[in-house]
Structures are given as structure tokens and as C-alpha cells.
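Remember, it's 1-based here, ligands and their atoms both numbered in the order they're listed. Every heavy atom of this structure was used, including side-chain atoms; hydrogens, water molecules and symmetry mates were not.
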Amino acid sequence: MQGSSEYRDVWVYCEVQDGELTRPTTEIIAGARKIADKVNMKVVGVLLGYNLGNVAREPIYYGADKVIVCDTPLLKSYQAIPYAYVLSDMVLKLRPWAFLFVANEMGRELGARVAYKTLTGLAADCIDLLVEDFVMHTPQGTKVFKDCIAQVRPDFATRIAKIFTPRHRPQMSNIRPGSFTPLPRDESRKGEVVQWEAEIPPEAFAVEVIEEWRLPKSPVKLEEAKVIISLGLGVLKDAKGNPRNPVEAYRYAEKLKNAVEKRLGVVAEIGASRALIYSGIKELEGLIVKDRQVGQTGKTVAPDIYIAAGISGAIQHRVGIMRAKKIVAINTDPAAPIFQIAHYGIVGDLYEVLPKLVEYLGGGEVEA
Ligand SMILES: Cc1cc2nc3c(=O)[nH]c(=O)nc-3n(C[C@H](O)[C@H](O)[C@H](O)COP(=O)(O)OP(=O)(O)OC[C@H]3O[C@@H](n4cnc5c(N)ncnc54)[C@H](O)[C@@H]3O)c2cc1C
């Protein structure tokens, strides 16, 4: 849809699991709040499903001003086509200024369908949202689009890009989990809940859901960890160039994790670079698994301390750790790009530095 001042408010598609808003949904409500306050608009949570009574006010407790609920047995199980049908109908009738989704399987699919059906753009895999003027230079002159959303995302190669949708509304994006910190849940927050009556044509139900299974939850707790020790391809050799068994490095990282948890009483976790995960090293099977990947195509993390051991610091890794409060880099190469963003840089061999850190914290024996 072509943009105009008729478009108002920042919508968030709210995902519910086990009767609660998912954590990434609460994060995006916080991101929506940040931009909505800058342009004096409301944050609106959009909830689709069945039996949503208990969760309908939750978006308000996390920072929304209003919730639109479409509660019908027809939407009991998630299906892309009817869900996209309802959301595009809402968008065309109510005209939001922006519409945000979580960058996961559901949000990516649903957001793209809604953007297509409402003839607007979609910025995928965003890691931040800003409000900025967009200046367009054309042979006919310069045009300034006031107060647009700068949708910040990693580019394909080495840059961070800002995507603008200056002419069309809503401005749509999906946001990577971990990109914002949720606002504290506050039951005293006031807001309006409105019901939406969906008219979904029978042909929208192209499939029948017979049974649903939940995938087991990953035991890797990167999102909640306060300290992350991540390993990269530097585990393959020590500083003298001697090949090492990478399991040794993994065990040091594990000891450090245990020592941190024991001494500091906070959640610690082991992460990894994509290069290490996909290196196919037999010994690391079951230890350095895909769930540990940090970065553009892995997880965005926000620990208090991020220790990058033997990681060069490629942009695709760095975009995943930009919200870490302190970055400690251990690398034998003083010119490694990770040192450009590290708060503490240790030029050294991870096979020497990690054991020293473990020792400093009083050891971290792995329980048998
Ligand atoms: C579309 C796309 C998406 C990507 N997504 C991701 C992603 O999500 N996450 C990600 O991590 N990467 C991602 N990558 C890959 C990324 O570009 C890099 O290739 C990768 O991060 C490099 O991993 P690394 O730092 O472990 O390995 P390397 O770049 O090989 O670095 C190893 C480092 O270890 C150091 N070293 C060597 N020996 C030691 C030692 N004994 N002690 C200390 N230091 C030592 C070396 O000096 C070097 O700096 C992506 C790439 C693309 C194209």
C-alpha cells in the first residue's frame, strides 16, 4: 500500500506457547515501544488463535497500548494461509504504520505472505530498529521522507545495512530473537483489548491438521546465559602450530562454564562459530552442535560477558554478539578483527589462556 499519514501505530504479531507470550514476542514489543514513542504512536499486539482469554492482556503487561484478538476455533492450529488471510484483512482495513514479526519459522512465513498480500516490503532478519529520515536522491532532485523506520540487518558480505520502506505502508520486518530486552512485566499497565471477527473463506483451509507434536526443547541456553564461552576454528592448533584434539578445548570451555556457574552463581553456556560447527570434526559430534551457533545465521546473544576463543571475528559472527556487555577475545593473531570490538583483548593461545581462567576461578571439574 502507498504510504500516507492515514497509517498509524506499530503492530507486533504475538506468538503464544503453553498459554504464554514467547520471549521473542516480549522482546519485539520492547523494540516496537522504542520506535512508537519516537513518532508518538501506539504499540498494538495482534493475537490469533483459540482460547486466548488468559493471554489477551499479556502484550499490554509487556508494553503494548492495545491488543487486537482474533479468537476462533478455526485458528486453533497454526496454518499459514488462513492466518495470513486474517492478518492481511486487518492490515488493509486498519492500516498500521509498521508490522513486526519474530524472525523464526512462523514469523518469516507469515510476515512474507502478509507483505505480499498488502503490497508492501519486508526487511528480514533485523537486529535493530531506528527512526530516521530517508533521503532519496534522484535525477529529478532530492526527496526527504520524514521519520521512517531504519530496519537494521546484517548484509550478505561484510556490512550492516539499513533497509527503508519509504513509500509503502506498513513498514514490515521480522526481528531476530535476542535483539531487544523485554520490558519488565507489569500488570498495572492499562490498555484496550478489542476482538476481531474473522471471515475466512473455506478455500483458505487447504490442509487439515490431524495431530501436532512439539520438538524437544534444546538444552543449550545461549539466550539466557550471562556468560558465554565460544570456540572457533582456533581450537585446531595451538600457538606453535601443533595439531590439538579439539575436545581438549571443549573440556576447558566446559570447566570454565562450571567454574563461572559455581563461583558467580550465574548461567553460563558454551557457544561456537559457524565454521567450527560445520567443520565436520568427528570428535566434536554431539558437543559442538548447531544450537550453539552464534551469529547471523545462528543466535543473537546478549550476555554480560562473551569470551571468544579462537574466533577471528567475521562480520557474520560479530552481528550476533553486538549486545554483549563485555567481549573478551583470545586470539593468537593480534590483527584478528575480533580485537576491533573486544573490550578486553588477550593475544595468546587459547590452550594456555582458558586453563588459566579456570584456575583463577578455582577450577571447574566436570561431574561424572
Ligand atoms: C551468509 C553467511 C552467514 C554466516 N553466518 C555465520 C554465523 O552465524 N556465525 C558465524 O560464526 N559465522 C558465520 N558465517 C561464517 C563467517 O563468515 C566466518 O567464516 C566464521 O565466523 C569463521 O569462524 P572462526 O572465526 O571460527 O574461524 P577462522 O576465521 O578460521 O578463525 C580462527 C581464528 O582462530 C585464531 N587462532 C588459531 N589458533 C589459535 C589458538 N591456538 N588460540 C587462539 N586463537 C587461535 C586465528 O588467528 C583465527 O583468527 C557466515 C558466513 C556467511 C557467508
Does the side chain of [X] pick up a donor-acceptor pair with the side chain of [Y] at under 3.5 Å?
X    : Y    : value
T22  : Q17  : no
T142 : H137 : yes
R274 : T297 : yes
T72  : Y50  : no

Distance-only N or O hit between ligand 1 and [X], under 3.5 Å:
X    : answer
G310 : yes
A272 : no
Q293 : yes
T297 : yes
A314 : no

Counting heavy atoms only, which of [options] comes nearest to [atom]?
atom                    : options                : answer
atom 24 (P) of ligand 1 : S273, G241, S279       : S273
atom 49 (O) of ligand 1 : L236, N331, V235, D333 : N331
atom 11 (O) of ligand 1 : R318, E352, H317       : H317
atom 20 (C) of ligand 1 : A239, G298, A275       : A275

### Query
Can you check salt bridge (Lys or Arg N to Asp or Glu O under 4.0 Å) on K34 and D128, steps first, answer last?
CA-CA 10 Å; K34 182 177 98 158; D128 199 3; 2.9 Å; yes

Could you tell me whether [X] and [Y] make a salt bridge, using a distance below 4.0 angstrom between a side-chain N and a carboxylate O?
X    : Y    : value
R189 : E187 : no
R251 : E248 : no
E285 : K282 : yes

Ligand 1 contact on [X] by region, counting heavy-atom pairs under 4.0 Å:
X    : answer
K237 : backbone
S312 : both
V294 : backbone

### Message
Taking V220's backbone N and O only, do any of them form a donor-acceptor pair with S218's side chain (distance below 3.5 Å, no angle check)?
### Response
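Checking the backbone N and O of V220 against the side chain of S218, a donor-acceptor pair under 3.5 Å is found.
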
By number and element, which atoms of ligand 1 are closer than 4.0 Å to a non-hydrogen atom of [X]?
X    : result
G232 : 26 (O)
Q296 : 7 (C), 8 (O)
D238 : 41 (N)
G295 : 7 (C), 8 (O), 9 (N)
D349 : 40 (C), 41 (N), 42 (N)

### Query
Centres of the Y83 and Y85 rings: under 6.0 Å?
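No, the ring centres sit 6.0 Å or more apart.
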
### Query
Can a non-hydrogen atom of G348 be found less than 4.0 Å from any atom of ligand 1?
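Under 4.0 Å: yes for G348.
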
### Message
Counting C-beta onward and ignoring hydrogens, is there a side-chain heavy-atom pair between L236 and R244 closer than 4.5 Å?
### Response
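Side chain of L236 against side chain of R244, heavy atoms only: no contact under 4.5 Å found.
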
